[in-house]
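Single-structure report; data block below.
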Amino acid sequence: MSDTESLFNLNPSKIPAVSDGKHMGFAWGPGDILVYETLHKASGSSFIHEVRKDEDIYSPILRKLFNESHHIFVGLQTIREDLPSKSRKPQFVSISKNYRSVIRACMEELQQVAVSTKDGEASVCCLFQVSILLAIELIWNLCEVLFIDAAPAGSLLLHLLDWVRLHKADVDEKAREVLQSDSPAEHRDYWDVPSGTQTLTEFDVKWRHWHEEVDRCLQDNSFASNKHLEIICKLLLGDEDILLDHKELLGTWYHFLVTRLLFCHPTVKPAELHYYAQSCMTMFLDSRSVPEPLDSILLAAFEFDIHQVIKDCSIALNNWWFVAHLTDLLDHCKLLQSHNLHFGSNLREFLLLEYASGLFTHHSLWQLAVDYFDHCPEFGRVYLELQIERVPLDTERKALKVLRICEQRQMSEQVRSICKIMAMRALRNNRLGSALSWSIRAKDAAFATLISERFLQDYCTRGTFSDLDLIDNLGPAMLLSDRLTFLGKYREFHKLYEEKRFTEAAKLLLSLMTAKIAPRSFWMTLLTDALPLLEQKEVIFSADQTYELMYCLGELTSSLNSEATGTDRPMQVRISTYSLNPAQITVCKIKAF
Amino acid sequence: MESINAKYVSQKISKTRWRPVSHSFLQQPDIFASGSWDNEHNKISFWSIGSHGSSAMEDGFEGEPQLLCEQKHDGDVLDLQFLDQDRIVTASSTGAVTVFRHHQNSQTISIAQHWARAHHYPCDNAPCTGVVCSSPEIVTVGEDGRIIVFRADQEGVVRVIENADSSTIHAVTYLRTTEILTVNSIGQLKLWDFRQQSNSPSQILSLSGDRVPLHCVDRHPNQQHIVATGGQDGMLCVWDVRQGNTPFSLMEAHSAEMWEVHFHPTNPDHLFTCSEDGSLLHWETSSHSEMPSFLQGGRNSSMMSRSAMAPAGGNQSLISAWLSGDCSKGRLETSHMLPSQTLSVNSLDVLQQCLVCGTDGEAIFVNRQVPV
């Protein structure tokens, strides 16, 4: 009986939270479904249930599988394509072994937890996962032997023996005991399985010779006295009936297959395998009408139908992890025909995209998914662009990491949008320095202007600047936006004034207007700021500068007047001038109300 | 260099810190604490590497960290420091600051002190980004730009500097017992003197070029005026806080954000940095016997040279090798400490000959034979 019975059955299960017989509505999500009871009455509380298809990514032990296999995956992608296939094959085999050792490590850890935990339900759950991993490793191992290692006739059987031994270690032990209990000496030559020293044909000849001899012994009834010896003889000849009599020892049909091959056809060729596989399976499972999903997957493997294997596994398992990684490895070994699927990408890419999309729904494992998307040449980038914007940004630290991912891939739109989100949040919390830092990162001039406006508004209402540590130290960031430049320079003007460097202050103030750095709306404030300088005992503004000041005032007035026609109370501007020295200086005093 | 192996722990590690060892015996560190982030349920954990052979090694090879105990933590662990042998302080993304006590006999963890929403906005939570302690004083900084001083045994807050910064303060370190240094996201270092009552920094230092956010800072263990910082562009800067307000040497270190920088506590010719680009670098500078007539800072030879100010004579005898950063003459060696292709290395700590670091690939690496 297969120990994975009923594992791969797809039983529709009830959603426990929804009461029996009620109507359900649902909506698809990226990796789950949202389900709700439809209530036709207004009263009563309604819940939304999240039904997750894939529980595996939330299991702490299986998480290690995802992380470790991600590491192996990334390493695999960097194997150079230009090396000859002869030197690449051992690398691929070693990578396949790495994957398998990761699976086994997870299995062992789950096994330990299942044994040590007191929680019955958790124990059952762990054992269930162990059996799934067992099946996965079984399939992967067979694929490695048949497809990746592509063992030729002769060593093929050795590999298959190892494969079966690994998975039926305890059963094999018992069988060995039976087989080795009597007359080991006669079979000494038999165990001299094909090593590198003899060719296949040499071995075949020797084996046939030995086989005939054993057969003759049996026919001669030389072992008739000892029942056990007779059985052993028949086993060695590969007598099907005797083998089938010991079904419980063999356990599975594939063990039966390999045993039979060992005794009847040790030099079996890969292409011949599926004949024997089919017949062995039929013989072994004659009581059952329909083979298990695992059985048909293994059979497809023996038939070297890679696509069938992948297809059946995709259906049977609830997580894309296995098929995605195996297909990727097989694709690197150049074993997959590049037939395109209907939606344009090839099989490998499709599976990787599905797997990575599932990872992206996980609150933590989304970072792994990025690398998978990177190695999907056709659609990976698009998928990543869509998914990365959905990652919730709770802290600045996380936002920085997401930004780095986007910047490394030149996703400028995503960079802008993330920076804008963070900047708006900072602005809302009155963290103007943070907001500016985000707009610098995104080179977002518009936002920098917005922040400067906030500063200037603050100044107008309160009469002083806030966050001086920021404005005083803008540095080259000042050039990001005109408004920001103005802010920096205006603050500079204030500093110069405080330091009583009036000439320089005056020059700066004037340049702010003449060079059109200052927004027109601020000119009134600037001109008002000029007043104390004008009222100083010493002359600060030169004649030219004074004329420029008046010109600016004039411009401002005319624009105000033209605007004023629409308002109820036209602003009256009275200019009174009085000269201290009519020949040289005209001091203008501007009053506006 | 001993090969370094990964221990996969099913949580993204944001901080790892060695438990301090007593200085009387030259004991190798054996216990470290880790904090996770970006999980639905974050945790702090204590691990043992069993160097004194007390804990049993059931599986794994010698030196693989064994989990001693763990405790649920509300929010991401954004910083973690050991207060003393039994207590750690954590900074949370919810804005809370918590002191945990590790009971060694029963291998349990309890909360000794908890300040919820220590860092906050008027309506929102503000993550607490950094914590530094000098028992019993604890200083924390956050995204809200506040600096808060606590005492481990008092429930209330000792002092708050409101609006210390208009941008996020990313890290803090002690300069002297009454002075701290903070770095922020507009590339400034600010010195704060607690003896003064004013709420403004006593000094502000920054790079004269772009305002690159700074993420980490560490002070030289013996010479209190030398400080190393790392920021968003992955540059390592070494500053002399007494002289001028520009860094003394700038070195290209990483290709992405540098998350942590640490001087080796007993052998400060060695410096360690880790980064978002997945690398952990070990910097070694050779201290030289003859003193140069004047110090010359500068950038790595691959960048255009930038002249630093020569100090006006004075104090030549305690010149640190870091300040004479003559990188082009090969006095500075860097080596990678991790196998390539890891996700971001978020944190590292080094003590004696042991180094521990945690990554976004949910792995912890321990190296017990760091060549220092």
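Side chains are part of it too, since the values below use all heavy atoms of this structure and drop only hydrogens, waters and symmetry mates. Naming: A, B, ... by sequence-line order, numbering from 1 per chain.
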#### Entry: Residue part contacting chain B, namely of L474(A), when any heavy atom lies under 4.5 Å
backbone
### Task
Using a strict 4.0 Å threshold on nitrogen-to-oxygen distance, state whether E70(B) and K43(B) make a salt bridge.
yes
### Message
Heavy-atom cut-off 4.5 Å, strictly under: side chain, backbone, both or neither for N430(A) against chain B?
### Response
neither
### Task
Could you tell me whether E492(A) and K489(A) have a side-chain N and a carboxylate O separated by less than 4.0 Å?
yes
### Task
Measure Q188(B) against the heavy atoms of chain A and call it side chain, backbone, both or neither at under 4.5 Å.
side chain
#### Entry: Side chain / backbone / both / neither for L432(A) at chain B, heavy atoms under 4.5 Å
backbone
### Query
Is it the backbone or the side chain of W37(B) that comes under 4.5 Å from a heavy atom of chain A, or both, or neither?
both
### Query
Do we see a donor-acceptor contact under 3.5 Å between the side chains of N346(B) and S14(B)?
no
### Query
If you measure from the Lys or Arg side-chain nitrogens to the Asp or Glu carboxylate oxygens, is any gap between R397(A) and D76(B) under 4.0 Å?
no
### Message
What part of E143(B) gets within 4.5 angstrom of chain A, counting heavy atoms only: side chain, backbone, both, or neither?
### Response
both
#### Entry: Heavy-atom proximity to chain A below 4.5 Å, by part of S200(B)
neither
### Summary
Of D371(A), V74(A), N429(A), D467(A), the largest count of non-hydrogen pairs under 4.5 angstrom with chain B goes to N429(A)
### Query
Less than 4.0 Å between a side-chain N and a carboxylate O, is that true for D472(A) and K495(A)?
yes
### Query
chain B heavy atoms under 4.5 Å from R431(A): which part of the residue, side chain, backbone, both or neither?
both
### Message
At a heavy-atom distance under 4.5 Å, which candidate from V9(B), N184(B), N39(B), T342(B) has the highest pair count against chain A?
### Response
N39(B)
#### Entry: Engaged part of N163(B) at the chain A interface, taking heavy atoms whose separation is under 4.5 Å
side chain
### Task
Answer yes when R425(A) and E396(A) have at least one side-chain N-carboxylate O distance shorter than 4.0 Å, and no when they do not.
no
### Query
Do we see a donor-acceptor contact under 3.5 Å between the side chains of K12(B) and Q367(A)?
yes
### Task
Side chain from CB out, backbone as N, CA, C, O: work out which of these in W438(A) comes under 4.5 Å of a heavy atom of chain B, or both, or neither.
neither
### Message
One thing to verify: whether K64(A) and E362(B) come together as a salt bridge, which I'm taking to mean a side-chain N less than 4.0 angstrom from a carboxylate O.
### Response
no
